[in-house]
Amino acid sequence: MDTNCVIRNVNEHVGETVTIGAWINNKRSSGKIQFLQLRDGTGYIQGVVVKSEVSEDIWNDAKSLTQESSVYVTGIIREEPRSASGYEMTVTGVKIIHLTENYPITPKEHGVDFLMDHRHLWLRSTKQRAVMVIRAEIIRAVQQFFDGNGFTQVDPPILTPSSAEGTTNLFHIKYFDEDAYLTQSGQLYMEAAAMALGKVYSFGPTFRAEKSKTRRHLIEFWMIEPEMAFVDHEESLRVQEKFIAHVVQSVVKNCRAELESIGRDVSKLEGITAPFPRITYDEAIEFLNGQGFDIPWGEDFGAPHETAIAEKYNTPVFITHYPAGIKAFYMKPDPNRPEVVLCADMIAPEGYGEIIGGSQRIDDPELMQQRFEEHNLSDEAYQWYLDLRKYGSVPHSGFGLGLERTVAWICGLDHVRETIAFPRMLYRLYP
C-alpha cells in the first residue's frame, strides 16, 4: 500500500513506496532515463524514471511533463549521497494533474520588473521559497523568544486617529465621518498594554506613506514592537542583543540548507552572539568626520553613514544617545545631558542599516505635556497617552524591529522587495 508523504519527510520512508503530490521544477533526459526535479513546497527531490522499469504509458506521461506541471508521483525512496537532499525516488507511477503550457518564468535570466509582475509565480523559485522559509523561521524565533521571557503578545489597532511619531508620512482614510490613518507603529498602544501586563510585544503590519525607492524601504512592512514596564535604557539594550542573537542562531540551526541554497555565508551569522558593541552618537560623528564625511553634530545618519560605521564590526552595533532634536517626542532625555535622549539604533553588519530603533520613554507627565506643546500634538487625540503618565507612571522602555530589513540581512539580499511574499513599494500594488 502506498504512503502519502511530503518531500521534507522522505527520510522516514527509505525503502518504502510513497506517493507525493508535486510540481515539476525541471526535467532532463538521458536516453532511456528521465530525471524529474520535483518540488512540493516542503523541499526538493529527484525522481528517476527508467524506461525498462515502467509501462509505456507511464514513460510517455513522464516524457510529456513540462515545467510547473502538477503530478502525483509514486515511487520508492532510496538514499542517494550525491543528491543535495541525500535521497532520491525511483519512480514507478506518474499521474498527471495538470500539464502547464508556456510557463513564463524559465531558467533564463529575467528582469526584476518582469519577475515582480509575476511575483505570484516567482515565489515558486528555489531562492524565493528559501527566503520565505527563513522569514517564517525568524517569525517563529521572535515569538519563541518573547513568549519564553515573560512577554504577552498584544495586538494594537491598524486604524488610528493620529500618528505614533508626530510625522506626516501617513495614509489617510475616512473612518465613517472621521479622519483616520493606517498605523505607522503600534508603539503608543503597546505602552498602554505594558502598564496593564508588564512586558508585552506586538507583531503586525505597519504603513509609511514615504515616497522612497531605496533598497531598504517598503510601503507596507511588519514590525515587532516590545514594551517593558520598570525597564530602563540599559536593560532594554541587553534584551535587544539577546533577542537578535537568539533569532539569528535559530535560523542558522533550523534553516542552514535554505541559507546555503541562496549562497549566504553562514559563518558570518554563526558569530552573531551577545553582547554587541556600543558607540555613542558623539563617537559616531567623530568617526565619520575622520572618514571624510562632512556631517555636523545634530544631523541624522543616512545609509552611507550607517554602512561606514557597520564596516568596523562583524556584528550588529548600537549607536546610542542621539540628539533629542532628531528623535521622536516620547524619548526620555539623558538626566546628565538633556540635549541627548536615552535611545539606541541597532545597525546590522554588511551594510544593511538600522534594524532596531528603541528608547526609554518619557515617564514625567509635565515633560510629556511640554513635548506635546513643542511638537504641536493635539491633546484631544493624545489625551489617552498622557493618561499613562497621569495614573501610575513608571520608568519603561521599548523598541521596534523591522522584520523585512532583518530578513534581508540574515538572507544577504540586495533589496527588501524579496523579503515578503507580495511587496508594496512606491510604484507597485500588483499583484
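Since the model is a prediction, treat every value here as computed from it, not as a measurement.
At least one side-chain heavy atom of F287 sits less than 4.5 Å from a side-chain heavy atom of Q291.
Here the CD1-CD distance, from I138 to E404, works out to 9.5 Å after rounding to the nearest 0.5 Å.
Within the 3.5 Å criterion, the main-chain N or O of G398 finds a donor-acceptor partner in the side chain of R361.
In K51, the NZ atom is not crowded: 12 or fewer heavy atoms of neighbouring residues, nucleotides or ligands sit closer than 6.0 Å. Counting non-hydrogen atoms of neighbouring residues, nucleotides and ligands closer than 6.0 angstrom, the OH atom of Y175 reaches no more than 12 such neighbours. Counting heavy-atom neighbours within 6.0 Å of N149 CG, excluding the residue itself, gives a total above 12.
No side-chain N or O of H321 forms a donor-acceptor pair with one of D282 less than 3.5 Å apart.
A salt bridge links E234 to R278: at least one charged side-chain nitrogen sits closer than 4.0 Å to a carboxylate oxygen. The pair K199-E191 does not count as a salt bridge, with every side-chain nitrogen at least 4.0 angstrom from each carboxylate oxygen. Ion pairing of R428 with D117 is present here, as a side-chain N (NZ or NE/NH1/NH2) and a carboxylate O approach within less than 4.0 Å. The pair R82-E88 does not count as a salt bridge, with every side-chain nitrogen at least 4.0 angstrom from each carboxylate oxygen. Electrostatic pairing of R78 and E16 does not count as a salt bridge here, judged by no charged N lying under 4.0 Å from a carboxylate O. Salt bridge status for E418 with R119: absent, with no side-chain N to carboxylate O gap under 4.0 Å. Using a 4.0 Å cut-off between a side-chain N of Lys or Arg and a carboxylate O of Asp or Glu, D363 and K332 qualify as a salt bridge.
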Show the numbers, then the answer: is there a side-chain hydrogen bond (donor to acceptor under 3.5 Å, both in side chains) between S30 and R28?
CA-CA 7 Å; S30 177; R28 62 186 177 88; 6.0 Å; no
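Outside the 6.0 Å centre-distance limit, the rings of H396 and F230 are not counted as a close aromatic pair. Under the 6.0 Å cut-off for aromatic ring centres, F243 and F146 qualify, their centroids lying closer than that.
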